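Atoms considered below: every heavy atom in the structure, side chains included; atoms not considered: hydrogens, waters and symmetry mates. Since this is a predicted model, take the numbers as computed values, not measurements.
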Amino acid sequence: IGFFKNELEVQANVPVSQDFTLQGSFNAGLLKDFQGEKTFNIADHFFLGGPQSVRGFDMRGIGPSSDGNSLGGTLFWASGLHMYAPLPFRPGKGGIGDLFKSHMFLTAGNVGNFWLSGHPSRDFEQVTQNFRLSYGLGIAVKLGGIARIELNYCVPVKASRGDK
């Protein structure tokens, strides 16, 4: 074993009122070798982009790439702020209409091969520089207590060259 790979995921859901819920999430990951000489397999890297991380970008569409193929990175972070509310016209209150929610969101993140210096302010500036940002809205449909399907319109407002 020549490296460790750790991920952190934090999510909080706060009811703003009876029908409105605010959700915040933060994910981060670090891939680090023990002795400074380990080369990583691409399958070990972190990838970012798509509906589960930074919306509005292709799956694995954020970060370093070569010849159109994503290379991933050794460090990533992604965050999101979501607001779920009833549909404006609320069909079938108390029935099937309660399964549908309108959804507004703001997502951001970054992935790359960052060298952490151990100085928190310098490291924070490095990993947040050139972050990606998107926002959008849509409809979320609850399928029982185990799944959700969403139809969203996303607008990537901040991207870097090579992102898809």
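Contacts of Phe57 classified as ring pair (Phe, Tyr, Trp, His ring centres under 6.0 Å), with partners at least two apart in sequence or in another chain: none. Legend: residues meeting side chain to side chain contact (heavy atoms under 4.5 Å, CB included) with Ser65, ordered by chain and number and at least two apart, are absent. Residues satisfying the side-chain hydrogen bond (donor to acceptor under 3.5 Å, both in side chains) test with Thr107, not counting sequence neighbours, are Ser134. In this structure Asn152 satisfies the side-chain hydrogen bond (donor to acceptor under 3.5 Å, both in side chains) test together with His103, Glu150, sequence neighbours excluded. Residues passing the side chain to side chain contact (heavy atoms under 4.5 Å, CB included) test with Arg122, sequence neighbours excluded: Ser117, His119. Every residue two or more places apart in sequence or in another chain was checked for a side-chain hydrogen bond (donor to acceptor under 3.5 Å, both in side chains) with Ser79, and none qualifies. Under the rule for a side chain to side chain contact (heavy atoms under 4.5 Å, CB included), the partners of Leu8 that lie at least two apart in sequence or sit in another chain are Val10, Phe26. For the side chain to side chain contact (heavy atoms under 4.5 Å, CB included) test, residues two or more places apart in sequence or in another chain that qualify with Gln23 are Gln11, Asn13, His82, Tyr84.
Applying the 4.5 Å side-chain rule to ILVMFWY residues, one finds that Met59 remains a lone member of its cluster. Side-chain contacts under 4.5 Å among hydrophobic residues (ILVMFWY), followed directly or transitively, place Leu137 together with Val16, Phe20, Leu22, Leu81, Met83, Met104. With a 4.5 Å cut-off between side-chain heavy atoms of Ile, Leu, Val, Met, Phe, Trp and Tyr, the cluster of Leu71 takes in Ile42, Phe47.
Within 6.0 Å of atom CD in Glu7, more than 12 heavy atoms from other residues, nucleotides or ligands are found, so the atom counts as buried in its surroundings. The neighbour count for Lys142 NZ, taken as heavy atoms of other residues, nucleotides or ligands under 6.0 Å away, does not exceed 12.
One N or O on the side chain of Ser70 and one on the backbone of Arg60 form a donor-acceptor pair closer than 3.5 Å. A donor-acceptor pair under 3.5 Å is formed between the side chain of Asn113 and the backbone N or O of Thr74. For Lys164 (side chain) and Gly68 (main-chain N/O), a donor-acceptor pair under 3.5 Å exists by modelled atom type.
Taken from CG in Leu30 to CG in Asn6, the straight-line distance is 7.0 Å, to the nearest 0.5 Å. Note that OG of Ser102 is 6.0 Å distant from CG of Leu87, once rounded to the nearest 0.5 Å. Atom NZ of Lys5 sits about 5.0 Å away from atom CZ of Phe46, to the nearest 0.5 Å.
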**Study point:** Residue pair Arg132, Asn110: steps toward the side-chain contact (heavy atoms from CB on, under 4.5 Å) verdict
**Key:** CA-CA 6 Å; Arg132 282 48 164 218; Asn110 202 3; 2.6 Å; yes
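At least one side-chain heavy atom of Asp44 sits less than 4.5 Å from a side-chain heavy atom of Leu31. Annotation: side chain of Ile62 is not in contact with side chain of Phe76 (no heavy-atom distance under 4.5 Å). Contact check for Arg148 versus Val141: no side-chain heavy atoms found under the 4.5 Å cut-off. In this structure, Leu143 and Ile149 have side chains that are in contact, with non-hydrogen atoms separated by less than 4.5 Å. When side chains are defined from C-beta on, Phe105 counts as touching Cys154, because their heavy atoms get closer than 4.5 Å.
Clustering ILVMFWY residues whenever any of their side-chain heavy atoms sit less than 4.5 angstrom apart, transitively, puts Phe4 in the very cluster that holds Trp77.
Residues Ser160 and Asn130 approach most closely at OG-O, 3.8 Å, considering heavy atoms. Here the shortest heavy-atom pairing between Pro64 and Val111 reads CD-O, 3.9 Å.
Legend: salt bridge (Lys or Arg N to Asp or Glu O under 4.0 Å) pairs involving residues 69-86, not counting sequence neighbours: none detected.
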